[in-house]
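Structure, as C-alpha cells:
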2 protein chains.
Amino acid sequence: MKITSRQNCPIRRATSVLSDQWSFLIIREFFLEGKRRRFQDLQSELGLSPNTLSNRLKRLEQQGVIERQIYSDHPPRAEYVLTSKGNALAPIMNALYDWGTEYPDTNGEDRNG
Amino acid sequence: MKITSRQNCPIRRATSVLSDQWSFLIIREFFLEGKRRRFQDLQSELGLSPNTLSNRLKRLEQQGVIERQIYSDHPPRAEYVLTSKGNALAPIMNALYDWGTEYPDTNGEDRNG
DNA sequence: CGGTATCCCTATTGATACTG
DNA sequence: CAGTATCAATAGGGATACCG
C-alpha cells in the first residue's frame with residue numbers, strides 16, 4: 001500500500017461507498033445467499049425497514065455496485081445483482097471475514113440479523 | 001469465504017468495529033503516516049473536531065484496535081499505536097485500497113482530508 | 001497539548017401505513 | 001411483491017469554548 005496523498009485516497013473512495021453498516025451487510029448477502037437477491041429476501045434476511053433498504057439499494061445502484069432488474073410481472077418482481085464492480089468487492093469481504101474470524105471478541109453491540 | 005450463519009457472522013463483527021467513515025480513516029493514518037500518532041496529528045490530518053476524534057479513539061481503544069499511551073509531560077503528550085489486532089487490519093486496508101484504485105469513480109460526495 | 005463540555009444540525013434508521 | 005410517504009427517535013458530527 002503506497003498512499004501518497006490523503007486527498008483523493010483510494011481508501012477514502014472505497015469507504016465512501018462502504019461507509020455504513022448496511023452497505024456491507026447488504027453486499028454480504030450476495031456473497032452469502034447467492035447472485036440474485038430480491039427486495040423482500042434482503043429485507044427479511046437483514047431485518048430492516050423497506051424505506052431504509054430502498055435507500056441503501058438506490059445508493060449502491062448509483063455507485064455502480066449493484067444493478068436493479070425489474071420485471072413487470074404480476075406480482076411484480078425485482079432482482080438485484082452485483083455488477084463487476086460489486087463482485088470486485090470480494091477481496092474486501094474476504095479480508096473482513098478473516099479478520100472477524102481471527103478477532104471474534106469485539107465488544108461491539110450486536111443487532112439482529 | 002464460507003459463511004454459514006448470519007448470526008455471529010465474522011463480517012458482521014468486523015464491520016461493527018469499522019462501522020463508520022472515521023474509524024477507517026483514522027486507522028488509515030497509522031498505515032499512511034506512521035506507527036505512532038498523536039491526538040493533534042490525527043485531528044489536523046483528518047480535519048475533525050476534537051470531541052468526535054476523542055469518541056472514535058475511545059471506541060477503537062475499547063475494541064482493542066489501538067492503544068493509548070499517555071505521558072505526563074508538560075505539555076502533556078499522548079500517543080496512539082495500533083495493537084496487533086489493529087495491525088491485522090492491513091489486509092482489509094489493502095483490499096480497500098486496491099478496490100478504490102481500480103474503481104475510482106464513485107459519485108460519493110467528498111469531504112476534506 | 002490533549003482533551004471535555006455544550007449546543008445544534010443533519011443523516012440514518014425504525015415503525016407504520018399505504019400504493020401500483 | 002416492491003416499493004413510497006410520513007412521523008419520530010437517535011447517533012454522528014461540526015463549532016466553539018473551556019480545563020488540567
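Chain letters run A, B, ... following the sequence lines, proteins first and then strands; every chain starts at 1. What you see is a predicted model; the values in this text were computed from it and never measured.
- For the pair B/Trp22 and D/dG12, the criterion of a side-chain N or O lying under 4.0 Å from OP1 or OP2 is not met.
- Between the P atom of C/dC1 and the CZ atom of B/Arg36 lies a distance of 18 Å, rounded to the nearest Å.
- The nearest whole Å value for the distance from the CG atom in B/Leu25 to the P atom in D/dG14 is 11 Å.
- Listed by chain and number, the residues in a side chain to side chain donor-acceptor pair (under 3.5 Å) with A/Thr52 are A/Ser49 (sequence neighbours excluded).
- Atom-to-atom, CG of B/Leu53 to P of C/dA5 comes out at 16 Å; the value is rounded to the nearest Å.
- In this structure, A/Ile92 and A/Leu96 have side chains that are in contact, with non-hydrogen atoms separated by less than 4.5 Å.
- The side chain to side chain donor-acceptor pair (under 3.5 Å) check on A/Asp98 picks up nothing, with sequence neighbours excluded.
- For the OP1/OP2 pair of D/dG14 and a distance below 4.0 Å, the side-chain nitrogens and oxygens of B/Thr52 include at least one atom meeting the criterion.
- Taking atom CD of residue B/Gln21 and atom P of nucleotide C/dT12, one finds them 11 Å apart after rounding to whole Å.
- In terms of the side-chain contact (heavy atoms from CB on, under 4.5 Å) criterion, residue partners of A/Pro50 (sequence neighbours excluded) are, by chain and number, A/Phe39, A/Gln43.
- One axis for each end of the helix from C/dC1-D/dG20 to C/dG20-D/dC1, each built from five base pairs, and the angle between them comes to 50° at 10° resolution.
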Please produce a list of atom pairs where a protein N or O lies less than 3.5 Å from an N or O of nucleotides 2-4 of chain C.
{"from": "C/dG2", "atom 1": "OP1", "to": "B/Arg38", "atom 2": "NE", "distance (Å)": "2.9"}
{"from": "C/dG2", "atom 1": "OP1", "to": "B/Arg38", "atom 2": "NH2", "distance (Å)": "3.0"}
{"from": "C/dG2", "atom 1": "OP1", "to": "B/Ala78", "atom 2": "N", "distance (Å)": "3.2"}
{"from": "C/dG2", "atom 1": "OP1", "to": "B/Ala78", "atom 2": "O", "distance (Å)": "3.4"}
{"from": "C/dG2", "atom 1": "OP2", "to": "B/Gln40", "atom 2": "N", "distance (Å)": "3.2"}
{"from": "C/dG3", "atom 1": "OP1", "to": "B/Arg68", "atom 2": "NE", "distance (Å)": "3.1"}
{"from": "C/dG3", "atom 1": "OP1", "to": "B/Arg68", "atom 2": "NH2", "distance (Å)": "2.7"}
{"from": "C/dG3", "atom 1": "OP2", "to": "B/Tyr80", "atom 2": "OH", "distance (Å)": "2.7"}
{"from": "C/dT4", "atom 1": "OP1", "to": "B/Lys58", "atom 2": "NZ", "distance (Å)": "2.9"}
{"from": "C/dT4", "atom 1": "OP2", "to": "B/Ser54", "atom 2": "OG", "distance (Å)": "2.3"}

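- For the side-chain contact (heavy atoms from CB on, under 4.5 Å) test, residues two or more places apart in sequence or in another chain that qualify with A/Glu61 are A/Ile66, A/Arg68.
- Rounded to an integer number of Å, the gap from CG of A/Leu46 to P of D/dG3 is 15 Å.
- What separates CD1 of A/Ile26 from P of C/dT12 is a distance of 13 Å, to the nearest Å.
- Atom CG of B/Asp20 and atom C1' of C/dT13 are 16 Å apart (whole Å).
- Under the rule for a salt bridge (charged side-chain N to carboxylate O under 4.0 Å, His left out), the partners of A/Arg36 that lie at least two apart in sequence or sit in another chain are A/Glu79.
- Residues passing the side-chain contact (heavy atoms from CB on, under 4.5 Å) test with B/Asp41 are B/Arg37, B/Arg38, B/Glu45, sequence neighbours excluded.
- Remark: B/Glu67 pairs with no residue by the salt bridge (charged side-chain N to carboxylate O under 4.0 Å, His left out) rule, at least two apart or across chains.
- The line from CG of B/Leu53 to CG of B/Leu42 is 5.5 Å long, rounded to the nearest 0.5 Å.
- For the pair A/Leu48 CG and D/dT4 P, the interatomic distance rounds to 14 Å; values are reported in whole Å.
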